[in-house]
8 protein chains.
Amino acid sequence: MDPTVLKNLLERVGKGDLSVEACLERLKNLPFEDLGFACIDHHRGLRRGVPEVIFGAGKTVPDIVEIVERMAAQGENVLVTRLSGEKAGELKARFPEAEYSERAGALTLISAPLEESGKGTIVVMCAGTSDIPVAEEAAVTARFMGNRVETVYDVGVSGLHRVLAHKERLWRASVIVVAAGMEGALPSVVGGLTDKPVIAVPTSVGYGASFGGIAALLGMLNSCAAGVTVVNIDNGFGAGYAAAVINRG
Amino acid sequence: MDPTVLKNLLERVGKGDLSVEACLERLKNLPFEDLGFACIDHHRGLRRGVPEVIFGAGKTVPDIVEIVERMAAQGENVLVTRLSGEKAGELKARFPEAEYSERAGALTLISAPLEESGKGTIVVMCAGTSDIPVAEEAAVTARFMGNRVETVYDVGVSGLHRVLAHKERLWRASVIVVAAGMEGALPSVVGGLTDKPVIAVPTSVGYGASFGGIAALLGMLNSCAAGVTVVNIDNGFGAGYAAAVINRG
Amino acid sequence: MDPTVLKNLLERVGKGDLSVEACLERLKNLPFEDLGFACIDHHRGLRRGVPEVIFGAGKTVPDIVEIVERMAAQGENVLVTRLSGEKAGELKARFPEAEYSERAGALTLISAPLEESGKGTIVVMCAGTSDIPVAEEAAVTARFMGNRVETVYDVGVSGLHRVLAHKERLWRASVIVVAAGMEGALPSVVGGLTDKPVIAVPTSVGYGASFGGIAALLGMLNSCAAGVTVVNIDNGFGAGYAAAVINRG
Amino acid sequence: MDPTVLKNLLERVGKGDLSVEACLERLKNLPFEDLGFACIDHHRGLRRGVPEVIFGAGKTVPDIVEIVERMAAQGENVLVTRLSGEKAGELKARFPEAEYSERAGALTLISAPLEESGKGTIVVMCAGTSDIPVAEEAAVTARFMGNRVETVYDVGVSGLHRVLAHKERLWRASVIVVAAGMEGALPSVVGGLTDKPVIAVPTSVGYGASFGGIAALLGMLNSCAAGVTVVNIDNGFGAGYAAAVINRG
Amino acid sequence: MDPTVLKNLLERVGKGDLSVEACLERLKNLPFEDLGFACIDHHRGLRRGVPEVIFGAGKTVPDIVEIVERMAAQGENVLVTRLSGEKAGELKARFPEAEYSERAGALTLISAPLEESGKGTIVVMCAGTSDIPVAEEAAVTARFMGNRVETVYDVGVSGLHRVLAHKERLWRASVIVVAAGMEGALPSVVGGLTDKPVIAVPTSVGYGASFGGIAALLGMLNSCAAGVTVVNIDNGFGAGYAAAVINRG
Amino acid sequence: MDPTVLKNLLERVGKGDLSVEACLERLKNLPFEDLGFACIDHHRGLRRGVPEVIFGAGKTVPDIVEIVERMAAQGENVLVTRLSGEKAGELKARFPEAEYSERAGALTLISAPLEESGKGTIVVMCAGTSDIPVAEEAAVTARFMGNRVETVYDVGVSGLHRVLAHKERLWRASVIVVAAGMEGALPSVVGGLTDKPVIAVPTSVGYGASFGGIAALLGMLNSCAAGVTVVNIDNGFGAGYAAAVINRG
Amino acid sequence: MDPTVLKNLLERVGKGDLSVEACLERLKNLPFEDLGFACIDHHRGLRRGVPEVIFGAGKTVPDIVEIVERMAAQGENVLVTRLSGEKAGELKARFPEAEYSERAGALTLISAPLEESGKGTIVVMCAGTSDIPVAEEAAVTARFMGNRVETVYDVGVSGLHRVLAHKERLWRASVIVVAAGMEGALPSVVGGLTDKPVIAVPTSVGYGASFGGIAALLGMLNSCAAGVTVVNIDNGFGAGYAAAVINRG
Amino acid sequence: MDPTVLKNLLERVGKGDLSVEACLERLKNLPFEDLGFACIDHHRGLRRGVPEVIFGAGKTVPDIVEIVERMAAQGENVLVTRLSGEKAGELKARFPEAEYSERAGALTLISAPLEESGKGTIVVMCAGTSDIPVAEEAAVTARFMGNRVETVYDVGVSGLHRVLAHKERLWRASVIVVAAGMEGALPSVVGGLTDKPVIAVPTSVGYGASFGGIAALLGMLNSCAAGVTVVNIDNGFGAGYAAAVINRG
């Protein structure tokens, strides 16, 4: 509810233009949802700087164009995730200043320059090269939300030295996102090397009994390293978002 | 590796007591694991203040007593989780100053007074009264790790007003832990009301197609609210630990 | 069994043209199934006004055309569900007066004008825009069965104010159909806000651990709100049909 | 929010005792949750006559006694479900006027005489004698909510004549609850014989590949009979509740 | 429907005591279920000699006693399956002439001497000694239904010579029942050695990834040997019954 | 082993051309597999008249042509299952006298006229029109193996009268094959109406929680009608084969 | 088949006491299984030194005593696995010289002194102290089969330094058995540190989404380290046995 | 870490060019990962002769070309697995001397002639012709790693004589790889015939309840033959690699 509406009502009561009973009635009938909105607006206010995100999968290009136009018209930054290269091409024809990360499958359109607001660096790791798209989605999301992000890719647990080589980077990180498919063991190893929040993202990379990411998901949920939390399979966006929320703290 | 060992070696080289080749040989043969330990020790140092935690399930009372005694002898605080009331009784007979939370199934023995080191308040919520043991495990763990914790219990999504009644508390929180069984929908609702990190804990509460917590687990992994991460079923300890790690940031 | 056949038999007995024994024998040998049909016909009679529905998936266009022609010839209204736009195009070339809802994937051919026979309004809700096809299938089905239907779309539980904004509509409803994918939490929230029958439809919307609708299905079966019943994944038709049956009461 | 509080505020504005700005501030700070409560209270009012239900499983006898006493003190009727015979004995010692159904595992304490408020008869069926406890829970619940209930037990689909023998009863029913374990086929058969709402309850009766009710649950979700909706495994209470809600319509 | 009722009606029509219309009305209203019963009775007649079977699990001893008494009073043979030794003891105290097979968990009470009516010999095999109870249930059932049964136990596929040693017996058999747990491979091997109907019974024997018989069940359903059909996990009764039905042919 | 080889050896021993020791050595070294073959050949002999069957899925047309040619050259009848219409076209170009059933996806090439060797009639039923391909595969297979087959299609359990209409046919049958998708309840109903062997074939027909035939499979495994056995999902061939084996008895 | 039988037959042919045809007939009728046995006996001979193993679970003490007595009478060494302490006590009363490992749940009775026949050392590792029983079963089995075994316990991947501390031992090993529950990641890490065969044993240790060892099993099957093979959940015996077979090579 | 770096440091300490403290500092800061690399390099050295393997699935041809070029430039042998025929064609255009196995989907480029280093023969078996691609992947991998490989294809357990025909070959083998789909019973049978290590590879061959290889996987994990270990579904590479590692021993 627009506070000015409420203010006007009260002023009219103060002036005697509106009886207490009539005002009471008006307030009673004020749609709950408007108060809801007001509440949410206030809430939104607290969230200032959190840009809108469009889940591109399953939306048509015209749909996406319309949403992006509306947002861009208000000077908002835009992030579109799960966007195929083909759709991205059409969008870039319309918004030439947009940038598309093929690896992340994500397009960003920045009107208001991003400023680093996170309190530290978010490190995004992945176990194999096939996990990179999910990791990149996390990285793009976190950067879009105003964070400094470093990426460490292709450091599977069967080659421990590659993990250990980045130990200091892990110690300096504020939050760590770890994407892994197959057996999904990397978050356990990383979690044991650091005392920072670790967000594990199972990926659907693998075959046979990986069951499209279930093996990795179960591995991460059962991690023997305390402090590891998990998001949905292939949910790079969710991991990057959660990391940004934590890094804001 | 104890740095003094290394220092001694080098001093002997500097003094000519030890040839470069001999020293090289010694260094080569220095067990990798010792360097590993050194590294870990350093790491441990960074973690100072993180007390040891004993997983009580499946351990005998004598086993637990022995570990607690060793730790207490060094002035460390002790947390034992998944401890039955019966075992707790035996432990309290031995350590009268220990405190046991029946609801959490957790025993704490505090030698060094806990000081609040977390940067904000951790709010621990649960959906139904049956979820309280899991929520309490999270709360006890987070408090033990130096955090101020507030609990909000029995606020299921089928009675939204009970959730909404705690909205401001949610906004003031630093991190929120949400335990829920059955359909596990509370984290989605809470995640939509706040911009703080939400750690969801599925509980095994329910019957029939809840499948011992699988329904809640899947619900939480598929949460439509960004920023929600998930731990294992009934893993109150893991949720409290992760919340403490985040709150330290 | 055609009653006239039975009547003729009895008349012949009455006239003495057929002995009791011979008639008895004939009746004994009257195929059970004919009596069955009679019974069903009578039963059908009770259902008068319930039009035939054709499940379009897996049927060829010629098959569907044949069934529709036969039904239309008898002045029956026709509903074809799970019909692709391509097939719909071919059908509309043959039945120009048919109407096709692309969102619902449903085609209707109305010979006898629909009259609202339901006792109240059926509200069809869905959580996200991707759930709309399933919700529309429910809405089209319920309307086709003579019900007034209102739709409320895109009201996910992570934005509670959007749900609450429609609270009064929920209170005025006679039956509520709620379609949701991902964690499927909306029926629990709606069920807690109303005392009307709620039919939950899990949708296959989601990815990763949504497992094609299993997460939503389990969430709904475990709903903490009493009075919620569930139909199969993506079964908008079933939900609309059940809502219509309830609304007839 | 208590309307009188709001009224007082407005009166003070009208009287000039409170400035518009100060009132605005007060209103802004009025806890959302209070408005929520008001809303819920109003909602509760609409539900008047719906008695409280206590889920007995996992609650101690003292817990249940306390809740029952509080409710009985206010003249409310009480239903306790999932109550073992042992606990029921203790409760009856305290509330001698309570009635316990061993088969349903449910205890009722009726202060205000139940009056039949449902618009028709609810028929509760089950397939085998082992399904009776679940069916009885549904029947007790529906009766407790003011409905006339008829029960038809032990009518499995492998003996069709037993089902057919009750056809007319099915036609006269207002709502039908069908509990079945094993392959859970009875709701499909019943659904094909009637045009009334059918609520299917899978039971955990069976062995081997019945998987504690999963086979029956899947069978019911995939019912070829339109108009069948499903509740959780063994959830007789939920089925009876939903039937009562539908029968109120 | 009692034929005499129908006959009376017709006679009254023949005599002119009942008009054709009135009789028609009466016939219309003749309850469907009565015809159903008649039909079933006739069907029962065809089944003459098929004795009643009582599923003992979950029934109390008094319940079983009552059923057995009623059956024995009519001279029927009785088979009680899934009966614990303890319950069997109580039953034998009441029916001293009953025989109890501890291995099969089955009790038989033979009033009318069993006569071998099957057209050939049923061979019941099992893979390991732990599968014997399930195999024995099949054997007892088949014998009870009038079949000559030979048993071949402990012939797992990892010791092929043990299987091959019984090859000629397999060739002489009329029907073969094969019970196996763990990987459930025996039916495939047996099916490849014979051209007789093979009924496979997965048992819940095994641990870990045998998942209570699922591994064996899947193995049998996917048997590379044509002609193998499968019953539920541990369903020795069903296998013996089906074998008897086939052997009757 | 070719018996003539063995005969020659023995003759040479009889003639003194080969010493006992040398023959013993030769026999010892006779490859076990040859004896195996001999055994199998004898076994094959017992099976005379059982034609070869080619699983067409995953084989190339040239592969199939080669096998068919080899078999046809020996005057054997050929059945190719799981054959797409396209492949069938190519095969018919090569073998013009072959017959292809599009519904069954099966091609037969009959050199030696089929003669009915089964002892009775096999009835093949299915629940819905979408189950017909699986049912037809069973029917084609059973006919190919020398059986008289009757088919009864589209008799789902939600329209019981359609099932009951075929009751007498069921009573006259020797073996009954029942294919059904969705909840797979038809075999239970059929099994309750007859005392003949019933082979249930779950089909992958359905959507959502039918999980590609798992719901039907579980329903059939848990059938409350004794005497029902089950084959793999969509395994019409296996059902037809098993029915033929039983009908041979 | 006893070779002397064959020799006698041939001698009689050589002497003319038996015609070629009669001998041929005898040979044809020689039971296949006897040849099978002969073959197996020969095979057994190759395995000399492989002692019998008794799976104790589900066997009664008298059963086990009987088997052990029979074996001991022939001087064979005996291994009984899955033996509870209680049963072990009874067995030791009968066989005082037997040794029981409580941790492994295994009893050994050594008549012929074990000699180390394996070509190298088998290293048995486990991730947590709760995995020790499974690891010990593997170790006891491998030792019983004549292998030198070293054990390395409690080296979870969240404390990498503990794993790395044993690197050289891993390099010296001939075969490595790795038991782990929870996420089952240790085999991947070990597999990456060595080029020796690694046998992974998932244990049922864990809770919640560990699903009794499924998470660990899937993790191991999806190991990113080549050369890792897997046995059933908790199958320490199988792992020790396979390691012994490999070490014999 | 390059040992010369360490040597230089020490020499400078010996010469007094570097103080003990400064050297200590340098050593402290020597990246752990470098030591790690050194260790790994040494480890690599032990593995000399183990060629690199490229997982072709999901990699673009240019990616693969680049990796192959880099490896070939160093004289290394190359194996590319999971390579489609189309991609293989492009690679062969670039590397004409490469060889592609269509059945295995594997390409090899041999610069240094392979020499047989394995201690015995690896036998690779499969149950059906559809399992050949997986078996071939195992065979190609094992040969590439310097092993003599024999293949035995199409020996399903429903035709035991085909398995038995290869018994002697199994006895002569050093390691046996067994690929099988459907019920996956072949490894159990083979394991019972031999005392050699058996590596079982479940394949995704089958339909219906084979669930893409799960049935075979479970069958193999539950094998009643000791000494059988299992790899992931369709993981021919892993089986061949593990067999080679064992054969090296």
Side-chain angles (χ1 to χ4, degrees), chain C residues 36 39-40 42-44 46-50 53 55 118-120 141 145 160-161 164 167-168 170-171 174-175 177 191-202 217-218 220-233 235 237-249, chain D residues 32 35-36 39-40 42-44 46-50 53 55 118-120 141 145 164 167 170-171 173-175 177 191-202 217-218 220-233 235 237-249:
Chain C
C39 142
I40 293 301
H42 177 60
H43 184 54
R44 270 273 162 75
L46 290 174
R47 282 193 182 171
R48 205 176 321 264
V50 180
V53 178
F55 189 76
K119 67 180 186 232
T141 301
M145 291 174 72
L160 272 189
H161 60 291
L164 297 173
K167 222 175 36 197
E168 298 199 3
L170 296 180
W171 291 348
S174 174
V175 190
V177 171
L193 289 174
T194 176
D195 63 341
K196 298 300 165 34
V198 173
I199 300 172
V201 200
L217 171 62
L218 294 184
M220 292 168 177
L221 286 169
N222 288 286
S223 174
C224 54
V228 174
T229 59
V230 185
V231 297
N232 196 359
I233 297 166
N235 191 6
F237 165 70
Y241 191 101
V245 167
I246 293 172
N247 198 33
R248 199 184 332 180
Chain D
F32 191 91
L35 285 172
C39 144
I40 293 300
H42 179 59
H43 183 55
R44 269 275 161 77
L46 291 175
R47 282 195 183 170
R48 205 176 323 260
V50 181
V53 179
F55 189 77
K119 66 179 188 236
T141 301
M145 291 173 71
L164 297 174
K167 222 174 37 197
L170 297 180
W171 292 347
S174 174
V175 191
V177 171
L193 289 174
T194 176
D195 62 340
K196 300 298 165 35
V198 173
I199 299 172
V201 200
L217 171 62
L218 293 184
M220 291 169 178
L221 286 169
N222 288 286
S223 174
C224 55
V228 173
T229 59
V230 186
V231 298
N232 196 359
I233 297 166
N235 190 5
F237 165 70
Y241 191 101
V245 167
I246 292 172
N247 199 32
R248 198 185 330 181

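The chains referred to below are lettered A, B, ... by the order of the sequence lines, with proteins before strands, and numbering in each begins at 1.
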For the residue pair [X] and [Y], what are the closest heavy atoms and their distance?
X	Y	result
C:Val228	D:Val231	O-CG1, 4.0 Å
C:Tyr241	D:Gly227	CD2-N, 3.5 Å
C:Val245	D:Pro197	CG1-N, 3.3 Å
D:Asp195	C:Arg248	OD2-NH1, 3.5 Å

Could you check which of C:Ala243, C:Ala242, C:Ala239 has the highest count of heavy-atom pairs closer than 4.5 Å to chain D?
C:Ala242
Leading residue by heavy atom contact count with chain D [cutoff under 4.5 Å; candidates C:Ala226, C:Gly240, C:Gly238]:
C:Ala226
Residue part contacting chain C, namely of D:Leu217, when any heavy atom lies under 4.5 Å
side chain
Would you give the length of the straight line joining atom OG1 of D:Thr229 to atom CG of C:Asn235, rounded to the nearest 0.5 angstrom?
11.0 Å
Proximal component of C:Leu218, with respect to chain D [non-hydrogen, under 4.5 Å]
neither
